[in-house]
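Below is one structure, written out as structure tokens; comments come after it.
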2 protein chains.
Amino acid sequence: MSGEDNLLRLVEAEDGDENNYHLQDQVGFILRKAHQRHVSLFAAHIADLTPPQFAALAKLYDIGETSQNQLGTLIAMDAATVKGVIDRLKARGLVEVSKHEVDKRRLLVNLTPEGREAIERLIPLARTITEETLAPLTAKEAATFLRLLAKLA
Amino acid sequence: MSGEDNLLRLVEAEDGDENNYHLQDQVGFILRKAHQRHVSLFAAHIADLTPPQFAALAKLYDIGETSQNQLGTLIAMDAATVKGVIDRLKARGLVEVSKHEVDKRRLLVNLTPEGREAIERLIPLARTITEETLAPLTAKEAATFLRLLAKLA
DNA sequence: CTGATATCATTTGCATACGAATGAATTTGA
DNA sequence: TCAAATTCATTCGTATGCAAATGATATCAG
């Protein structure tokens with residue numbers, strides 16, 4: 001086999017694998033699509049709340065009253081984003097805010113009775129959403145996937 | 001052991017595993033965080049383009065001129081979103097649009113020479129971003145992860 | 001004690017993301 | 001053929017998501 005033959009194979013035969021860039025194989029692109037699919041499944045089961053809003057309620061239900069800033073850290077939202085989420089939950093009467101007695105910079109956030117009722121009602125639906133999101137995988141695959149995904153997050 | 005004891009174990013001892021809802025273990029929440037991390041890595045390497053903008057350029061580079069609608073399908077964006085992305089790329093001179101000769105509903109989109117130059121320059125950086133995103137995993141884990149992620153997307 | 005830093009919240013601006021409504025153009029089907 | 005259905009693009013409204021700037025408060029260091 002001549003050197004020209006090797007070169008030809010390099011630039012033509014292997015081109016599809018080695019040199020071409022396939023968007024649909026990139027982890028970022030697939031991650032974005034998987035996230036989109038999950039949001040869509042979420043909306044199909046919980047129409048009146050977004051995943052970030054649900055996350056805020058679920059975390060407040062878990063840990064109780066906390067500052068807006070701390071809540072943002074716990075649910076992976078920056079300060080500007082969490083403010084919008086809390087504003088909308090407050091407008092719907094699901095959370096209430098108050099000033100921190102000692103540290104006047106802090107805004108405390110807590111569930112209202114309506115918010116507590118809502119999150120207790122929605123958690124079973126959230127479990128279903130998790131199941132449906134992972135439905136294309138076997139139980140073993142799902143466990144592996146969650147373990148690896150957590151390493152990336 | 002009394003029935004009361006079993007009830008107690010059910011509601012207290014096993015509560016942490018069976019009945020509590022842990023947001024940080026839910027696939028949707030971790031998926032959102034992994035996606036956030038990827039976007040952050042992307043921005044660190046490609047500051048002047050967003051992942052959706054890059055996706056549009058990469059796909060046009062791959063397949064050549066196509067309709068705005070078809071492009072949206074290929075890069076998983078609805079019509080409203082893709083319009084905004086194309087508008088911004090057009091404003092920066094990276095793509096150009098024209099009317100379809102036969103089907104007057106369609107808006108054809110194509111790379112400009114500047115757009116082609118940009119995507120050729122950026123693809124190596126995108127490969128680096130993919131590597132960094134997957135860096136917490138071994139090569140074998142990364143292959144497994146991509147296979148399972150693709151099933152969910 | 002006080003000036004420099006750091007933290008918390010807010011605001012603004014820009015960029016996805018999607019549902020719903022609308023209008024123009026095309027295709028289908030009776 | 002022609003009315004109904006479909007497709008393509010646009011627009012509007014709402015909701016993240018983040019960078020950067022700002023103001024108020026708290027903490028730290030000399």
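Quick note on labels: first sequence line is chain A, next is B, and so on, each numbered from 1.
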> Minimum heavy-atom separation for Q26(A) to T130(B), with atom names?
Replying inline: OE1-OG1, 2.8 Å

> When the distance from CZ of F42(B) to C1' of dT16(C) is rounded to whole Å, what number comes out?
Replying inline: 13 Å

>> What contact category does V85(A) fall into here, base, sugar-phosphate, or nothing, at under 4.0 angstrom with non-hydrogen atoms?
In response: sugar-phosphate

> Residues from residues 44-69 of chain A sitting under 4.0 Å of DNA chain C, heavy atoms only?
Replying inline: S67(A), Q68(A), N69(A)

>> I need the CG-P distance between D78(B) and dA21(C), as an integer number of Å.
In response: 15 Å

>> For the CD1 atom of I119(A) and the CD atom of E114(A), what is their distance to the nearest 0.5 Å?
In response: 14.0 Å

> Is the centre of the Y21(B) ring less than 6.0 Å from the centre of the F54(A) ring?
Replying inline: yes

> Nearest 0.5 Å, what's the CZ-CD1 distance between R147(A) and I30(B)?
Replying inline: 12.5 Å

> Taking only residues two or more places apart in sequence or in another chain, which ones pass side chain to side chain donor-acceptor pair (under 3.5 Å) with K99(A)?
Replying inline: none

> What is the distance from NZ of K83(B) to C1' of dC12(D), rounded to the nearest Å?
Replying inline: 13 Å

> salt bridge (Lys or Arg N to Asp or Glu O under 4.0 Å) between K151(B) and E141(A): does it pass, once the steps are laid out?
Replying inline: CA-CA 10 Å; K151(B) 283 192 177 185; E141(A) 285 176 333; 3.1 Å; yes

> To the nearest Å, how far apart are H35(A) NE2 and dT16(C) P?
Replying inline: 16 Å

> Which of residues 87-112 of chain B have a heavy atom under 4.0 Å from DNA chain C?
Replying inline: R88(B), V102(B), D103(B), K104(B), R105(B)

>> From CE of M77(B) over to P of dA9(D), roughly how many Å is that when rounded to an integer?
In response: 14 Å

> Judged by modelled atom types alone, do E132(A) and H45(A) share a side-chain donor-acceptor pair under 3.5 Å?
Replying inline: yes

> Quick one: do the E96(A) and T112(A) side chains pair a donor with an acceptor below 3.5 Å?
Replying inline: no

>> Rounded to whole Å, please give me the gap between CZ in R32(B) and P in dT16(D).
In response: 9 Å

>> Measuring from the side chain of A80(B) (C-beta onward, heavy atoms only), which nucleotide among dT12(C), dG17(D), dT11(D) has the closest atom?
In response: dT11(D)

>> Can you confirm whether L71(A) sits close enough to K59(A) that some side-chain heavy atom of one is under 4.5 Å from a side-chain heavy atom of the other?
In response: yes

